[in-house]
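Below: the structure, in C-alpha cells.
Hydrogens, waters and symmetry mates play no part in the numbers below; they use all other heavy atoms, side chains included.
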2 protein chains.
Amino acid sequence: MTTSRRQAVRKVLAASTSFRSAQDIYAEMRASGAKIGLTTVYRALQALSDAGEIDVLRTDDGEAVYRACATVSHHHHLVCRRCGKTVEVAGPDVERWAEAVGKEHGFTDVTHTVEVFGTCPSCAEEAKAG
Amino acid sequence: MTTSRRQAVRKVLAASTSFRSAQDIYAEMRASGAKIGLTTVYRALQALSDAGEIDVLRTDDGEAVYRACATVSHHHHLVCRRCGKTVEVAGPDVERWAEAVGKEHGFTDVTHTVEVFGTCPSCAEEAKAG
DNA sequence: AGCAAAATGAAAACCATTGTCAAAACGGCC
DNA sequence: GGCCGTTTTGACAATGGTTTTCATTTTGCT
C-alpha cells in the first residue's frame with residue numbers, strides 16, 4: 001500500500017464498467033477499508049487523466065466523471081443513458097471529419113469530443129416490460 | 001424594460017458570436033447599465049434553454065456556457081479554445097455515423113454530442129507574435 | 001541512519017450555481 | 001384611481017464539487 005495510491009484508484013476504475021465520479025470512487029474506497037483522502041483521489045484522477053490512462057467527461061450538471069480506457073488509442077463512447085453501460089467505439093471517419101472541419105475554417109491544433117448516447121438493449125427491454 | 005428581462009438576456013446572446021457564461025453575460029449587462037441580478041440571468045438562461053432557444057454546453061472546467069442557436073436544425077460547433085469564437089458546422093456524415101454506431105450495438109433512441117475545439121487563425125497569429 | 005523531495009490528507013478556500021424570501025411589478029377588478 | 005392576489009425580481013445565504021494550503025508522513029538515495 002505504499003506505492004502511490006494512484007494504483008488503488010486505477011484499480012477501482014479498472015473494475016468499473018461505467019463512468020464514476022471522484023466522490024463516488026472515494027466513497028467506495030473508504031467503504032472497502034482503504035485509508036485514503038478525498039484530496040488524494042482527486043490528485044490521482046488528475047494524474048491518470050494527464051497521463052492519458054483514463055477518460056474524463058462532464059455530466060450535464062457539471063460533475064466530472066472518469067473511466068479507465070480499455071484502449072490507449074483515441075476513441076469515443078457509446079453510453080446507455082439509463083444504466084450507464086459504456087461501449088468504446090472507434091470512429092476513424094469522425095476523426096477525419098473533425099480534422100477537415102477545423103482545417104476548412106483555418107483552425108489549428110484541432111481536438112474534439114464525441115459522445116453517443118442511447119438506450120441499450122436490456123434497458124429497452126425493461127422499459128417495455130415495466 | 002418591463003417585459004421579462006429574459007428578452008434582455010436573449011438579446012445579449014443574440015449579439016454574441018461565441019459561447020458566453022452566465023457570469024459573463026451578467027457582467028456585460030451590468031456594465032452596460034442594465035439593472036438585473038445574477039439570479040435572474042440564471043433563471044432566464046434556464047428558461048431559454050428549456051424552450052430550446054439556446055444551446056448549453058459545459059466547458060472542460062465544468063462551467064456552463066450558452067449560445068443562441070442560429071439555426072434550428074441539429075448542428076455542431078467548432079470553438080476556438082483561446083478566444084471562444086464559434087462556427088456552427090453541419091456534419092451529415094457524423095449524424096449517420098452516430099446512428100450506425102448505436103444500431104450496431106443494439107442501442108435505440110440514439111443521440112450524440114460533438115464539439116470540435118481548435119485554435120482559430122487570429123489567435124494562432126497572436127500566439128506566434130506574443 | 002540521515003536528509004531532501006515528493007506524496008498525503010484534514011481543513012479551509014473557491015466559485016459557479018441554486019434556494020430563500022421579502023420587496024417590487026404586474027394584471028385584472030371594482 | 002385604488003385594491004389584492006399572482007408573478008417576477010434580486011440581495012443574500014446555502015450547496016456542493018473541486019482546488020489550495022500547509023503541516024505531517026513517506027519515499028528515494030547515499
Side-chain angles (χ1 to χ4, degrees), chain A residues 1-13 16 18-68 79 84 113 115, chain B residues 1-13 16 18-68 79 81 84 86 113 115:
Chain A
M1 54 114 117
T2 36
T3 36
S4 112
R5 327 235 170 214
R6 194 171 302 173
Q7 306 302 330
V9 171
R10 196 201 321 246
K11 262 187 196 162
V12 171
L13 271 182
S16 304
S18 58
F19 286 91
R20 309 288 301 272
S21 72
Q23 311 271 348
D24 185 18
I25 292 168
Y26 170 66
E28 172 175 327
M29 294 181 76
R30 292 303 289 246
S32 69
K35 277 262 183 42
I36 192 171
L38 180 55
T39 309
T40 304
V41 172
Y42 274 106
R43 274 193 287 241
L45 288 171
Q46 191 137 21
L48 288 170
S49 162
D50 287 349
E53 294 185 47
I54 62 176
D55 288 333
V56 194
L57 63 87
R58 295 270 173 178
T59 61
D60 282 350
D61 61 326
E63 192 180 23
V65 286
Y66 308 83
R67 182 170 191 282
V79 185
T113 67
E115 302 296 333
Chain B
M1 53 112 121
T2 36
T3 36
S4 112
R5 326 233 167 211
R6 194 172 301 174
Q7 307 301 331
V9 171
R10 197 202 318 247
K11 263 188 195 161
V12 172
L13 271 181
S16 304
S18 59
F19 284 92
R20 310 288 300 273
S21 72
Q23 310 272 349
D24 185 19
I25 293 169
Y26 170 67
E28 173 176 327
M29 295 181 77
R30 292 303 291 245
S32 69
K35 278 261 181 46
I36 192 170
L38 181 54
T39 308
T40 304
V41 172
Y42 274 106
R43 273 193 288 241
L45 288 171
Q46 191 137 23
L48 287 170
S49 163
D50 287 348
E53 295 186 48
I54 63 176
D55 288 333
V56 194
L57 62 86
R58 295 268 173 181
T59 61
D60 282 349
D61 60 327
E63 193 180 22
V65 287
Y66 308 82
R67 182 172 192 282
V79 185
R81 65 164 64 83
T86 304
T113 66
E115 301 298 332

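- By the side-chain contact (heavy atoms from CB on, under 4.5 Å) test, L57(A) is found to be paired with F19(A), V65(A), E115(A), residues two or more places apart in sequence or in another chain being considered.
- Picking from dT17(C), dG17(D), dG10(D) the nucleotide with the shortest atom distance to the side chain of T40(B) gives dG10(D).
- Applying the salt bridge (Lys or Arg N to Asp or Glu O under 4.0 Å) test to residues at least two apart or on different chains, the pairs with a partner in residues 21-32 of chain A are R20(A)-D24(A), R20(A)-E28(A).
- In this structure, NZ of K35(A) is placed 15 Å from C1' of dT26(D), rounded to the nearest angstrom.
- In this structure, L45(B) atom CG and dT9(D) atom P are separated by 13 Å, rounded to whole Å.
- Residue Q23(B) is in base contact, counting any heavy-atom pair closer than 4.0 Å across all strands shown.
- In this structure, the nucleotide among dT9(D), dT8(C), dT17(C) sitting nearest to the side chain of E63(B) is dT17(C).
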N/O to N/O distances under 3.5 Å, protein versus nucleotides 19-24 of chain C:
{"residue": "dG19(C)", "atom": "O6", "partner": "T39(B)", "partner atom": "OG1", "Å": "3.3"}

Trace of the side-chain contact (heavy atoms from CB on, under 4.5 Å) decision for V9(B) with M29(B): CA-CA 8 Å; V9(B) 171; M29(B) 295 181 77; 4.0 Å; yes

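- Between dG10(D), dT17(C), dT18(C), one nucleotide has an atom nearer to the side chain of I36(B) than all others, and that is dG10(D).
- Rounded to an integer number of Å, the gap from D61(B) CG to dC15(C) C1' is 11 Å.
- Proximity of Y42(A) to the phosphate of dT19(D): no side-chain N or O atom is located under 4.0 Å from OP1 or OP2.
- Nearest heavy-atom pair across I54(B) and L45(B) is CD1-O, 3.5 Å.
- Looking at residues 25-34 of chain A, you'll see that no heavy atom sits under 4.0 Å from any atom of DNA chain C.
- For residues 32-51 of chain B, every residue pair satisfying the side-chain hydrogen bond (donor to acceptor under 3.5 Å, both in side chains) rule, not counting sequence neighbours, is listed here: Q23(B)-Y42(B).
- Taking all atoms of both residues into account, the shortest heavy-atom contact from L38(B) to Y26(B) is N-CE1, 3.3 Å.
- Atom CZ in R58(A) sits about 6 Å away from atom P in dT18(D), given to the nearest Å.
- Nearest heavy-atom pair, Y66(B) versus L13(B), reported as atom, atom and distance to 0.1 Å: O-CD2, 3.6 Å.
- Taking the side chain as every heavy atom from C-beta outward, T59(A) and R58(B) never approach each other to under 4.5 Å.
- When rounded to the nearest whole Å, the span between CD of Q7(A) and C1' of dA7(C) equals 13 Å.
- At whole-Å resolution of the value, CG in L38(B) and C1' in dT18(C) are 10 Å apart.
- In terms of heavy atoms, A64(B) sits closest to V56(B) at CB-CG1, 4.4 Å.
- When the nucleotides dT18(D), dT17(C), dT19(D) are ranked by their closest atom to the side chain of A22(A), dT18(D) comes out on top.
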